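Okay, structure first, notes after.
In what follows, residues are counted from 1 in the order of the sequence shown. Scope of the values below: all heavy atoms of this structure, side chains included, with no hydrogens, waters or symmetry mates. Keep in mind the model is a prediction, meaning the values are calculated, not measured.
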Amino acid sequence: MKTTLFSCYTELVSSTRRLRNVTVTLEEDVAQWARIEAARRDTSVSRLLGALLRERMAGQDAYEKAMRRALERKPFLRSDGRYLTREEAHDRARTR
């Protein structure tokens, strides 16, 4: 398995946002896919990787926020905090 080493050079887009240069080591097939995908999207490999990482970061942040909200909720249907048994959960007459 051949590994390719290349640098992703960034451009300063905004004076309020500093971008960092990062060197990434990829397997040859992954580097080839990145070059093709970047060309398909009419962008650079650096911007492609930045966008993919930004999407991943946003998704993970959203997941963690949703998890925190879910865990902060009070239990419903039961005030004593215990989980329903399988029978209680599937008792349709009880929910009417």
Answer with yes or no whether the hydrophobic clustering places Trp33 together with Leu53; edges join I, L, V, M, F, W, Y residues whose side-chain heavy atoms lie under 4.5 Å apart. no
Consider only side-chain heavy atoms of I, L, V, M, F, W and Y, link residues closer than 4.5 Å, and tell whether Leu71 and Tyr63 are in one cluster. yes
So does Glu72 pair up with Lys65, basic N to acidic O under 4.0 Å? no
Search all heavy atoms of Val45 against all heavy atoms of Ala38 and return the closest pair with its distance. N-CB, 3.7 Å
Set of residues satisfying side-chain contact (heavy atoms from CB on, under 4.5 Å) with respect to Arg40, sequence neighbours excluded: Glu37
Asp42 atom CG: more than 12 heavy-atom contacts under 6.0 Å: no
Which heavy atom in Thr85 sits nearest to a heavy atom in Glu88, and how many Å separate them? N-OE1, 2.8 Å
Same apolar cluster: Ile36 and Leu26, side chain cutoff 4.5 Å: no
Rounded distance [0.5 Å steps], CZ in Arg54 versus CE in Met57: 7.5 Å
